[in-house]
Number of protein chains: 4
Amino acid sequence: MSPLSEEQFKQIRDKRIEQILSVGLKIFARKGYIGTKLSTIASEAGISKGLLYHYYKSKDEFLETLIHNAIHELENGIKEMYQSPGTPLEKLRSMIEFKEEDQLYFLLTHQVLLSDEVPDKLKRIAKEHFLSSQLFDQMVPLFKEGQELGEFAPGDPNKIVSSFFTVLSGLMALNLNNDEEFIQPDPNVLIRMLTGRP
Amino acid sequence: MSPLSEEQFKQIRDKRIEQILSVGLKIFARKGYIGTKLSTIASEAGISKGLLYHYYKSKDEFLETLIHNAIHELENGIKEMYQSPGTPLEKLRSMIEFKEEDQLYFLLTHQVLLSDEVPDKLKRIAKEHFLSSQLFDQMVPLFKEGQELGEFAPGDPNKIVSSFFTVLSGLMALNLNNDEEFIQPDPNVLIRMLTGRP
Amino acid sequence: MSPLSEEQFKQIRDKRIEQILSVGLKIFARKGYIGTKLSTIASEAGISKGLLYHYYKSKDEFLETLIHNAIHELENGIKEMYQSPGTPLEKLRSMIEFKEEDQLYFLLTHQVLLSDEVPDKLKRIAKEHFLSSQLFDQMVPLFKEGQELGEFAPGDPNKIVSSFFTVLSGLMALNLNNDEEFIQPDPNVLIRMLTGRP
Amino acid sequence: MSPLSEEQFKQIRDKRIEQILSVGLKIFARKGYIGTKLSTIASEAGISKGLLYHYYKSKDEFLETLIHNAIHELENGIKEMYQSPGTPLEKLRSMIEFKEEDQLYFLLTHQVLLSDEVPDKLKRIAKEHFLSSQLFDQMVPLFKEGQELGEFAPGDPNKIVSSFFTVLSGLMALNLNNDEEFIQPDPNVLIRMLTGRP
DNA sequence: GATGAATGAGATTTCATTCAT
DNA sequence: TATGAATGAAATCTCATTCAT
């Protein structure tokens with residue numbers, strides 16, 4: 001019966017924000033920047049538009065937060081991958097089996113970095129985050145190690161990482177779009193692309 | 001003095017339509033359905049919005065025409081590829097080196113089929129065109145042949161075609177987005193994916 | 001084989017103008033001022049928009065011509081009615097059996113005079129034509145005569161003419177709209193209204 | 001400080017909607033479907049276009065609501081008329097003296113059902129509402145009763161109701177259009193039409 | 001914090017009108 | 001005279017954002 005403590009308020013608030021961001025991620029990743037309406041996010045999250053604007057000054061600021069989180073989570077994902085036991089190939093396999101939220105983060109990042117419909121300002125911010133996160137560069141040693149072990153095919157590791165990201169993004173996009181009329185591609189193609197083995 | 005003949009009108013019209021469609025293709029393929037403003041197309045094509053509506057009843061009808069053309073052109077592209085000399089692998093290489101317009105057609109088709117921001121009606125139409133075009137099915141024999149010749153890695157040919165399209169689309173999207181800060185992926189990964197050879 | 005003479009040109013021209021006006025009348029009377037597109041008139045008349053604008057400077061000028069003709073034709077109709085044999089009641093009956101074109105003229109006039117969607121300028125012009133035509137005033141003596149003969153019910157003849165026009169217009173509008181689901185009203189109600197007899 | 005309660009929001013909304021519908025009714029009834037600009041409604045109601053679209057998805061949906069209300073109100077009007085004391089003739093007289101809002105509802109209904117400028121979809125909806133409302137059929141018994149009492153002239157009651165509606169609509173339209181230069185018709189003509197008496 | 005009413009800028013669409021040939 | 005290409009103003013509609021309570 002006693003009023004909620006400050007701490008409890010904070011918890012409620014944090015939980016709600018987490019909920020909003022989760023819904024936002026799902027929608028932005030699927031529908032793209034312009035296709036996403038804040039009103040949709042609000043109603044899917046079960047709150048009012050007003051409250052959304054109470055937490056975030058604008059659509060762009062909201063997306064910026066998502067981008068920030070996305071890159072942060074992907075960094076963590078890569079760290080975990082590194083720390084997991086196994087050969088480089090086994091480590092990479094685990095990325096393909098990302099849980100859904102991480103797939104969405106990955107898609108969001110890829111989309112913001114590449115899609116022409118995102119405002120330049122956000123693309124620039126995303127690029128800075130991305131570059132400073134060294135998300136890309138951190139992958140390179142893994143590939144080198146794999147090449148040294150003979151697990152991976154030879155070639156410029158930078159280009160291979162770039163290709164890996166591109167293909168991974170394509171696969172994840174198709175994964176979301178679960179249309180029965182289209183045949184789902186085989187994730188093993190990605191592995192084959194890396195290993196150069198049937 | 002004398003009025004324009006029907007033939008002359010047709011020429012003017014055909015030229016304009018070609019011009020508008022070419023601009024539209026470029027913009028739709030890059031910016032997606034919602035990201036594409038008809039005013040942008042009009043001004044890029046150096047005409048008024050009104051004229052666009054003189055030729056096409058709506059944004060959707062315009063995109064429908066583009067989709068139709070896209071699938072038609074891609075069908076032709078595949079036919080040409082089949083008729084070109086060389087092994088299946090050599091034939092497929094030529095698809096990777098599509099000229100820019102064909103790349104745009106490819107991207108447009110992939111995007112319309114898969115992106116959530118395209119109106120359902122158009123997606124349905126695109127799907128029908130795509131399925132009836134047998135764009136997909138026509139590729140399968142080529143892969144089978146390649147597998148028999150030992151050029152390609154084994155595996156369900158349907159899944160391989162699907163993967164091939166996905167990856168090709170990803171590569172083409174990156175190709176357009178010629179951002180110097182990002183390393184361009186290596187088109188050979190696609191070949192490696194197919195052949196299972198380094 | 002010899003070129004058409006000036007006279008023949010004039011005939012072609014006149015015939016075409018008559019055709020255009022006839023189509024325009026039909027459409028304006030049915031669809032109203034804003035509902036009528038010049039492009040519709042042109043295509044229904046089998047000519048180009050350009051030619052329509054060659055004959056008439058604007059939509060309003062075109063309608064003005066129609067109004068002018070309408071009132072002229074209605075004047076003639078009333079004259080004919082006067083000159084036809086029979087009692088005042090029998091004369092009025094003939095108005096109810098107007099041929100279709102006259103019904104359209106009647107509707108057009110009524111609509112332009114009363115509908116709010118017609119530009120003020122045109123309404124003013126129509127009103128002037130209408131008042132100077134004495135279309136209204138010419139009817140009054142007929143009603144007076146009918147009242148004297150005991151054929152018509154008593155009452156202010158001006159108000160009766162006004163009612164007569166209103167009801168006639170309503171009947172004609174329903175006449176055009178030949179919708180099977182609605183019961184067509186009985187033209188005899190109009191007569192009964194005038195005569196005060198069952 | 002404290003947020004508005006659901007109840008308060010409902011009040012604001014209801015008030016606004018009532019206001020918008022009232023303005024809309026006035027304008028649609030006078031100017032017809034195409035003649036009515038949403039910007040006019042908005043500015044007459046003292047609100048922004050945006051707010052109109054906040055409450056109604058489209059011009060058509062807005063008109064649909066009006067039609068729905070119109071038929072509902074007219075049904076009530078007819079019920080009241082039935083329950084009012086007096087002979088059938090006296091009851092009908094009360095319809096002629098409808099208050100302004102009901103006149104507008106009557107005109108709106110008549111117009112939507114008959115005018116060619118209203119989109120077919122809306123006409124169909126209006127027709128369904130109208131037929132299922134039995135607005136028409138409910139009048140018939142009254143006329144029969146009047147005929148039995150000798151108050152009304154003989155004739156097919158269906159056709160008489162139809163005529164009654166037509167003439168009533170014409171009278172109401174003229175009533176709105178309060179143009180001093182035109183003589184207003186006499187509502188008694190309508191009564192005379194029914195009774196067949198001077 | 002929380003709501004949804006309200007706005008306004010900008011996108012899509014329509015159509016009377018002009019114009020080159 | 002005759003065409004339909006082309007324009008631009010104005011209408012419908014969408015949605016990010018603000019605001020009173």
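By convention in this document, chain letters (A, B, ...) are assigned in the order of the sequence lines, proteins followed by strands, and residues within each chain are numbered from 1. Fair warning: this is a prediction, and the values are worked out from it, not measured in the lab.
- For the residue pair D:Gln19 and D:Arg16, a side-chain donor N or O sits within less than 3.5 Å of a side-chain acceptor on the partner.
- Taking a pair as Watson-Crick or G-U with both hydrogen-bonding distances under 3.5 Å, the stems of three or more pairs touching DNA chain E are E:2-21 with F:2-21.
- For A:Lys31, the NZ atom is loosely surrounded, since the number of other residues' heavy atoms within 6.0 Å does not exceed 12.
- The backbone N or O of B:Glu61 sits less than 3.5 Å from a side-chain atom of B:Thr65, completing a donor-acceptor pair.
- Using a 3.5 Å distance cut-off with no hydrogens or angles, the side chains of D:Tyr33 and D:Asp60 do pair a donor with an acceptor.
- Side chain of A:Ser22 to backbone of A:Glu18: no donor-acceptor contact under 3.5 angstrom is found.
- Counting any heavy atom pair closer than 4.0 Å across all strands shown, C:Thr40 reaches no nucleic acid atom.
- Of the two residues near DNA chain F, B:Ile12 and D:Lys59, the one whose nearest nucleotide lies more 5' is B:Ile12.
- Residue B:Ser5 is classed as having no contact, given no heavy-atom separation below 4.0 Å to the nucleic acid.
- For B:Ser43 (side chain) and B:Gly46 (main-chain N/O), no donor-acceptor pair under 3.5 Å exists by modelled atom type.
- Of the two residues near DNA chain F, B:Gly50 and A:Ser39, the one whose nearest nucleotide lies more 5' is B:Gly50.
- Considering only side-chain atoms of B:Phe9, the nucleotide from E:dA5, F:dT3, E:dA2 that sits closest is F:dT3.
- For B:Tyr53, the side-chain atoms get nearest to E:dT14 when compared with the rest of E:dT14, F:dA16, F:dT12.
- Note on B:Leu38: only backbone sugar-phosphate atoms sit closer than 4.0 angstrom, heavy atoms only; bases stay farther off.
- When heavy atoms are screened at a 4.0 angstrom cut-off, D:Thr36 is found touching the sugar-phosphate backbone but no base atom.
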